[in-house]
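I am attaching a structure below and will ask some questions about it afterwards.
Naming: A, B, ... by sequence-line order, numbering from 1 per chain.
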2 protein chains.
Amino acid sequence: MPWPKSTKAVRVPKANLHSANCPTRLILDDVMSRWGSLVLVLLLERSYRFSELAYLIGGVSEKMLSQTLRRLEVDGFVRREVHATKPPKVEYSLTPLGCELGKHVQSLLSFVHKNASRVLKNRDNAKEREAG
Amino acid sequence: MPWPKSTKAVRVPKANLHSANCPTRLILDDVMSRWGSLVLVLLLERSYRFSELAYLIGGVSEKMLSQTLRRLEVDGFVRREVHATKPPKVEYSLTPLGCELGKHVQSLLSFVHKNASRVLKNRDNAKEREAG
DNA sequence: CAGAATCCCCTGCGATACTG
DNA sequence: CAGTATCGCAGGGGATTCTG
């Protein structure tokens, strides 16, 4: 990774978010992950149990859901509450920080969802142009 | 993927964003990708050439950058302009749709970046608790 | 300069089976 | 119910080389 010696000419916009060793990227791996984002949006609405999340999020495996939740918990976005009832019951909810985060994620996902058909049309056009 | 037959009791929040076959997810693969999000934020500022992006985004390989840009272009978020100068020059910029998208992505990334230190601290605490 | 193509490794992730 | 543990493979992605 050759990086120029003259620090003068180097301009890194928006802080150092784009530099390879910026720790923010490690967090983005959790937040922007396929399942992480969906979990955050769901929990924004209300708290859910493990099996509820597994049901609501189509296509997720227990392994990935578990992993996703644990990472979000470690980051401090998600709170995990165990109720020692019978059968056991575990509730997941957002911390205040996770709630703030979730709002940003939701606005992004909503936008994409709203414009999905247009984007799909763009994809079709591109494929057509390539073929024709 | 067994889905209950009674559509009555099923409540899928926020449209069907969480269902496995929702096309929105395909788009999210591009938008929420490690490099895609960084590209979008950079291009929000101004247009860039390929090599500039490759330089600014630390750690990205030419292959991944190329792939990322092509996907965002196909989706209609990024515009690619070739200037047949010598040496050749290719400029990447955002379409209006991409610009809207970029704003959402930026607000998310900014938030994460702003709270990065707190999250890292949370991680350390979690690791400590696990060890202790 | 701006990529495409090839090779190849590594790991993310699903499937399955088992525990508290 | 709410997970862990183990296995196995497809494919994501880096390094390198080649083109216009």
**OP:** Answer yes when A:D30 and A:R70 have at least one side-chain N-carboxylate O distance shorter than 4.0 Å, and no when they do not.
**Re:**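 Here A:D30 does not pair with A:R70 in a salt bridge, since their nearest N and O are not under 4.0 Å apart.
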
Subject >> For atom NZ of B:K63 and atom P of C:dT6, their distance in whole Å >> reply: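 Nearest whole value for this atom pair: 12 Å.
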
**OP:** Tell me what A:R34 touches on the nucleic acid: a base, only sugar-phosphate, or nothing, going by heavy atoms under 4.0 Å.
**Re:** nothing

Original post:
How long is the line joining CD of B:Q67 and P of D:dG11, in whole Å?
Top reply: 13 Å

Original post:
Between D:dG14, D:dC1, C:dG3, which nucleotide gets closest to the side-chain atoms of A:S51?
Top reply: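 Closest nucleotide among those given: D:dC1.
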
Subject >> Whole-Å distance separating the CG atom of A:L65 from the C1' atom of C:dC13 >> reply: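 Interatomic distance, CG of A:L65 to C1' of C:dC13: 14 Å.
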
Original post:
Is a side-chain donor or acceptor of B:R34 paired with a backbone partner of A:M32 at a separation under 3.5 angstrom?
Top reply: no

Original post:
Quick one: is C:dG3 close enough that its OP1 or OP2 comes under 4.0 Å of any side-chain N or O from B:R80?
Top reply: yes

Original post:
Hey, quick one: are B:V74 and B:L65 part of the same hydrophobic cluster, counting side-chain heavy atoms closer than 4.5 Å, chains of contacts allowed?
Top reply: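 B:V74 and B:L65: separate clusters.
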
Subject >> Interatomic distance where CZ belongs to A:R70 and P belongs to C:dG12 [whole Å] >> reply: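 The answer, rounded to whole Å, is 14 Å.
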
Subject >> Among C:dC13, D:dT4, C:dA2, the nucleotide that comes nearest once only the side chain of A:M64 is considered >> reply: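 When the side chain of A:M64 is considered, C:dC13 is the closest of C:dC13, D:dT4, C:dA2.
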
Original post:
Taking only N and O in the side chain of B:S66, is any of them less than 4.0 Å away from OP1 or OP2 of C:dA4?
Top reply: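 For C:dA4, OP1 or OP2 has a side-chain N or O of B:S66 closer than 4.0 Å.
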
**OP:** Quick one: closest heavy-atom pair of A:E62 and A:F50, and the distance?
**Re:**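 Shortest heavy-atom contact: O-CZ, 3.9 Å.
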
Original post:
How many Å lie between CG on A:L69 and C1' on D:dG3, as a whole number?
Top reply: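 In whole Å, D:dG3 C1' lies 11 Å from A:L69 CG.
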
Original post:
Counting N and O atoms only, with roles assigned by atom type, does the side chain of B:T24 sit under 3.5 Å from a partner on the main chain of A:A116, one being a donor and the other an acceptor?
Top reply: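 Side chain of B:T24 to backbone of A:A116, a donor-acceptor pair under 3.5 Å: no, none is there.
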
**OP:** Would you indicate what A:K89 reaches in the nucleic acid, counting non-hydrogen atoms under 4.0 angstrom: base, sugar-phosphate, or nothing?
**Re:** sugar-phosphate

Original post:
How close or far is atom C1' of C:dG3 from atom CD of B:E52, stated in whole angstroms?
Top reply: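 Roughly 16 Å, once rounded to whole Å.
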
**OP:** For A:Y55 and D:dA2, give me the distance from atom OH to atom C1', rounded to whole Å.
**Re:**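 Checked: the OH to C1' distance equals 19 Å.
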
Original post:
What's the closest nucleotide to the B:P87 side chain, out of C:dG3, D:dA2, C:dC1?
Top reply: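 Per side-chain heavy atoms of B:P87, the pick is C:dC1.
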
**OP:** Calculate the interatomic distance between A:Y48 atom OH and D:dA2 atom C1'; express it in whole Å.
**Re:**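 Roughly 18 Å, once rounded to whole Å.
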
Subject >> Nearest listed nucleotide, side chain of A:P88, among D:dG3, C:dC1, C:dG20 >> reply: C:dG20

**OP:** Just compare D:dC1, C:dG3, D:dG14 and give me whichever is closest to any side-chain atom of B:E62.
**Re:** C:dG3

Original post:
Counting side-chain heavy atoms from C-beta on, which of D:dC1, D:dG20, C:dG3 comes nearest to A:R49?
Top reply: D:dC1

